[in-house]
Protein chains: 2
Amino acid sequence: MEQDRSNDLGEIIRQGRVTQRLTLSEVSAMSGVSSSHLGRIERGERFPSGSILRRIAAPLGFEENELFTLAGYLSPEPPGIAESHPHYGGGELDPYVARMLAQEPVDVQRAVIGILSILKSIAKSVAKESR
Amino acid sequence: MEQDRSNDLGEIIRQGRVTQRLTLSEVSAMSGVSSSHLGRIERGERFPSGSILRRIAAPLGFEENELFTLAGYLSPEPPGIAESHPHYGGGELDPYVARMLAQEPVDVQRAVIGILSILKSIAKSVAKESR
DNA sequence: ATTGACATTTGCCATTTGGCGAATTATAAT
DNA sequence: ATTATAATTCGCCAAATGGCAAATGTCAAT
């Protein structure tokens, strides 16, 4: 199953490395990705997964988004559309609820959503059993 | 070698799909990713590569960046220069969370906050006991 | 030329990804 | 209840990923 990688990612990554004056082993040390793998990526024999790409972005002097875009994982963004009043999903978000939740760290916020979806699925199966 | 995926990506993706009212096969048709693979991703048995993630973002109603961030491939952006997120109370309300919650009727939203505060007080007393 | 110290490439292989088709399960419709 | 039909999960497998260790290449200093 071949991937259509419009850009030559390997060359881009090698460029990043040489402009940072780093060796494969150094990048390896900084990123925790084996230098053999890095080498193969640079010469286009391997296509890094997202997590690898992420780990090497900073050492190579790329913004994460930038590198993902160059890799063809992200499509280039038309910069700043200034979406002013986001109308979330299907309905309105109650301002009180929004204010309360915003006090919490984002991972707590997400956990809340996780709990909500669990409760919903429990409710669903309970409803079915008692029928 | 199992990966440490901080967020439960599968659940997030399933949420996206159900809020878009799509079946696995529909998402499959729209994205070109096999429905069996999609199913396994949703229940956390597979971790999608970047290219898969990219193909399913739009059908599931995610911004590409957003989904990559949720997947842990991209680290959450320090709020861009002119980001126009409404700033509730003390902190930021995660857009994904906001969208998910906005799907629910307001009383459910409020109930969620109630549950959260109960959990917090439980956590607090547990912490005190074990000291 | 030879040695030593790094850097890069290769061979090998365990693990993971992702597709296809069959089996199973859920959902309607009669 | 019984089908019909759609949706999801499972079994299997080819291909790809990524690490380790050994091989090879490069270059400066003897």
Side-chain angles (χ1 to χ4, degrees), chain A residues 1-57 59-60 67-68 71-73 117 120-131, chain B residues 1-6 8-57 59-60 67-68 71-73:
Chain A
M1 173 234 321
E2 79 286 5
Q3 299 279 108
D4 181 29
R5 228 65 75 137
S6 40
N7 298 320
D8 183 294
L9 180 60
E11 201 46 49
I12 289 170
I13 288 183
R14 172 161 280 149
Q15 283 303 325
R17 181 169 66 85
V18 305
T19 56
Q20 301 286 5
R21 300 241 151 71
L22 294 172
T23 74
L24 287 179
S25 337
E26 286 169 322
V27 176
S28 172
M30 299 167 75
S31 63
V33 177
S34 73
S35 43
S36 63
H37 194 43
L38 290 172
R40 284 194 257 241
I41 289 170
E42 287 192 356
R43 77 193 98 99
E45 295 172 29
R46 290 284 194 284
F47 297 97
S49 73
S51 51
I52 296 284
L53 213 50
R54 185 191 183 185
R55 307 228 290 279
I56 64 179
L60 265 37
L67 191 50
F68 274 81
Y73 285 141
S117 81
K120 285 173 73 176
S121 79
I122 290 175
K124 197 174 158 190
S125 61
V126 165
K128 188 195 303 178
E129 275 171 19
S130 70
R131 157 157 51 77
Chain B
M1 174 233 302
E2 77 223 34
Q3 293 283 102
D4 179 32
R5 227 62 78 137
S6 43
D8 183 0
L9 179 61
E11 197 49 48
I12 289 170
I13 287 183
R14 173 161 280 149
Q15 283 299 326
R17 182 169 65 85
V18 305
T19 54
Q20 301 287 73
R21 301 239 151 71
L22 293 172
T23 73
L24 286 178
S25 339
E26 286 169 321
V27 177
S28 172
M30 298 166 75
S31 63
V33 177
S34 74
S35 45
S36 62
H37 194 45
L38 290 172
R40 286 194 255 240
I41 290 170
E42 286 192 357
R43 75 193 102 99
E45 296 173 25
R46 289 285 194 286
F47 299 97
S49 72
S51 52
I52 296 284
L53 213 50
R54 185 192 184 183
R55 306 228 290 277
I56 64 178
L60 265 37
L67 191 50
F68 274 80
Y73 285 142

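All chains are named by letter (A, B, ...) in the order of the sequence lines, taking the proteins before the strands, and each is independently numbered beginning at 1. It should be emphasised that the depicted structure is a prediction, and the values quoted were computed from it without experimental measurement.
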inquiry  = Rounded to whole Å, how long is the line connecting atom OH of A/Y73 with atom C1' of D/dT17?
reply    = 10 Å
request  = Classify the side chain of B/S36 versus the base of C/dC20 as yes if they form a donor-acceptor pair under 3.5 Å and no if they do not.
outcome  = yes
query = Under 30°, 30 to 60°, or over 60°: which ring-plane class applies to B/F68 and A/F68, parallel, tilted or perpendicular?
reply = perpendicular
inquiry  = Using a heavy-atom cut-off of 4.0 Å across all strands, would you classify A/I52 as base, sugar-phosphate, or nothing?
reply    = sugar-phosphate
message = Show the nearest heavy-atom pair for residues B/R17 and B/V27, with the distance to one decimal.
response = CD-CG2, 3.7 Å
task = Take atom CG of B/L24 and atom P of C/dG19, then tell me their distance rounded to the nearest Å.
result = 13 Å
message = Taking atom types as they are modelled, would you say the side chain of A/R40 forms a donor-acceptor pair with the base of C/dG11 within the 3.5 Å cutoff?
response = yes
query = For B/R17 and D/dT8, is the shortest distance between a side-chain N/O and OP1 or OP2 below 4.0 Å?
reply = yes
query = Atom CD of A/E26 to atom P of C/dC6: distance rounded to whole Å?
reply = 11 Å
remark   = Ranking A/H37 and B/S35 by the position along DNA chain D of their nearest nucleotide, the one closer to 5' is B/S35
ask   = In whole angstroms, how far is the C1' atom of D/dG18 from the CD1 atom of A/I56?
value = 12 Å
inquiry  = For C/dT9 and A/R43 - does any side-chain N or O of the residue sit under 4.0 Å from the phosphate oxygens OP1/OP2?
reply    = yes
task = Working to the nearest 0.5 Å, report the span between OG of A/S49 and CD1 of A/I41.
result = 8.0 Å
ask   = Under 4.0 Å: is that the gap between some side-chain N or O of A/R46 and OP1 or OP2 of C/dT17?
value = no
query = Would a distance-only check, ignoring hydrogens and angles, find a side-chain to backbone donor-acceptor pair under 3.5 Å from A/R40 to A/E45?
reply = no
inquiry  = What's the closest nucleotide to the side chain of B/T23 if the choices are C/dT10, C/dT17, D/dA7?
reply    = D/dA7
request  = Could you state the atom-to-atom distance from CZ of B/R55 to P of C/dT17 in whole Å?
outcome  = 15 Å
request  = Please state how far atom CD in A/E42 lies from atom C1' in C/dA7, giving the value in whole angstrom units.
outcome  = 12 Å
request  = Would you please confirm or rule out a distance under 4.0 Å between OP1 or OP2 of D/dG18 and any side-chain N or O of A/S49?
outcome  = yes
ask   = In whole Å, what is the span from the CG atom of A/L9 to the P atom of D/dT17?
value = 11 Å
key: Protein-nucleotide distance (B/L53, atom CG; C/dT17, atom P), rounded to Å   = 12 Å
remark   = Correct closest heavy-atom pair for A/S31 and A/L38 would be OG-CD1, 4.4 Å
